[in-house]
Amino acid sequence: MSIGKRLFDFLGWGRSQKTPGPTPDRLTYAVGDIHGRADLLERMISLIEEDRAGKTADVVFLGDYIDRGANSAGVLQRLRTLDLPEADIHCLMGNHERMLLDFLENPIAEGPRWLGNGGLETLSSFIGPDWRPQAGRAYETGCRDRLLEVAEPELFSWLRDLPLQWRSGDLGCVHAIADPLVAWDAQSEATLLWGRPQPRMPKRKDGIWIAHGHTVVSRAAVQKERIALDTGAYQTGLLSAARLDQGRIAIFTTTPDSTVQE
């Protein structure tokens, strides 16, 4: 049995819930925020492949692949080229990808926000921690230009084309949240990338379950037709995902090492 599964069995999180969950069109895995943890991403891919055992499936990554963790460059390259047999890969945009793209368009205006929210770690993963811009040039512009020099242009084209939401059956996947009072197809970009769950958020009238990341939770949780999957991987070492199949939900996690207390 894999490390991730053993940990969640031990904690009681890996058991499918008793009440009916969403019913996507086929077996689906939704993966929470990675934030530069390429090591945890590799473990999660292995865990999904072990669990899937060759079954056709959708694998949805919920955004925030970059910033804060040490290897954002590795995470982006792995996801951009990820190809799993009999599985469709869906990568959604997160607010950190949006901040990076805004920085590329306008480094002076958008640089402080991105660099102050983990962008420095992303830059280091591409250009090294000791690089400095040429004297006399604005720091943010120098960083942008150097990043464009060392990264593949196709990478940024891929990022710009990332969708904001994905749906299968009565399962909807987004990065941040979906407004329950707004139709699925009418959600604003601000809500999908930056919104937060509210304590008294009502149920959706259309019956769509929402799987999301963005807001860090101490453990992956299922509540009010909502599945929260951001367990702060860059800081906690726990990357979480939900397995969704025929109304059943199981939560998996990966850890940076193979030590599990039982």
Side-chain angles (χ1 to χ4, degrees), residues 31-38 41 61-81 90-166 173-179 182 185-198 212-216 229-230 232-235:
V31 183
D33 303 30
I34 301 168
H35 279 303
R37 290 299 301 264
L41 172 60
F61 294 91
L62 300 177
D64 277 10
Y65 314 121
I66 62 171
D67 301 346
R68 296 180 174 146
N71 194 3
S72 292
V75 170
L76 290 179
Q77 182 62 21
R78 184 69 165 115
L79 290 177
R80 188 172 74 86
T81 59
H90 311 274
C91 294
L92 303 185
M93 183 178 292
N95 64 303
H96 282 260
E97 286 75 51
R98 181 73 264 166
M99 284 192 288
L100 167 58
L101 293 173
D102 291 343
F103 166 77
L104 295 177
E105 293 295 325
N106 194 338
I108 298 299
E110 301 294 339
R113 180 174 68 159
W114 180 56
L115 295 173
N117 282 281
L120 285 174
E121 289 84 352
T122 296
L123 280 175
S124 293
S125 72
F126 278 96
I127 65 180
D130 299 324
W131 181 85
R132 295 293 182 271
Q134 182 179 351
R137 302 190 66 193
Y139 176 74
E140 293 85 357
T141 302
C143 289
R144 188 273 309 271
D145 292 348
R146 181 57 178 158
L147 180 57
L148 291 175
E149 288 175 2
V150 300
E152 298 177 355
E154 295 80 6
L155 176 62
F156 299 119
S157 296
W158 177 75
L159 284 174
R160 293 185 185 96
D161 289 339
L162 293 180
L164 298 176
Q165 57 197 125
W166 179 86
C173 293
V174 302
H175 172 61
I177 200 63
D179 189 334
V182 176
D185 293 330
Q187 299 287 321
S188 71
E189 178 174 319
T191 297
L192 296 173
L193 292 183
W194 297 92
R196 300 284 185 185
Q198 301 302 313
H212 69 90
H214 187 57
T215 298
V216 177
L229 292 168
D230 182 4
Y234 75 95
Q235 190 171 35

query = Hey, is Glu154 close enough to Arg80 for a salt bridge, meaning N to O under 4.0 Å?
reply = no
request  = Step by step, work out the side-chain contact (heavy atoms from CB on, under 4.5 Å) result for Arg144 and Thr141.
outcome  = CA-CA 5 Å; Arg144 188 273 309 271; Thr141 302; 4.0 Å; yes
What's the shortest heavy-atom distance between [X] and [Y], and which atoms?
X	Y	answer
Gln198	Arg196	NE2-O, 3.1 Å
Arg146	Ile127	CG-CG2, 3.7 Å
His214	Asp64	ND1-OD2, 4.5 Å
Leu162	Glu97	CD1-CG, 4.5 Å
Val182	Ala186	CG1-O, 3.4 Å
Pro163	Cys91	CD-O, 3.2 Å

Does any N or O in the side chain of [X] come within less than 3.5 Å of the main-chain N or O of [Y], such that one atom is a donor and the other an acceptor?
X	Y	answer
Arg68	Ala233	no
Tyr234	Ala70	no
Glu140	Ala109	no
Asp230	Gly32	no

With heavy-atom distances below 4.5 Å as the criterion, would you say the side chains of [X] and [Y] are in contact?
X	Y	value
Leu147	Thr122	no
Leu155	Phe126	yes
Leu115	Leu123	yes
Glu152	Gln77	yes
Leu101	Leu159	yes
Leu79	Leu41	yes

inquiry  = Under 3.5 Å, is there a donor on one side chain and an acceptor on the other for His175 and Asn95?
reply    = yes
query = Looking only at side chains, do Ser125 and Asn71 share a donor and an acceptor under 3.5 Å apart?
reply = no
query = Between His96 and His35, what is the ring plane arrangement, given parallel below 30°, perpendicular above 60°, and tilted in between?
reply = perpendicular
key: salt bridge (charged side-chain N to carboxylate O under 4.0 Å, His left out): pairs with one or both residues in residues 112-126, sequence neighbours excluded   = Asp102-Arg113, Glu110-Arg113
request  = Measure the CE-CD distance between Met93 and Gln165 for me, rounded to the nearest 0.5 Å.
outcome  = 12.5 Å
key: Spatial distance of atom CG (Asn117) from atom CD1 (Ile66) [nearest 0.5 Å]   = 11.0 Å
key: Counterpart residues, side-chain hydrogen bond (donor to acceptor under 3.5 Å, both in side chains), relative to Glu105 (two or more places apart)   = none
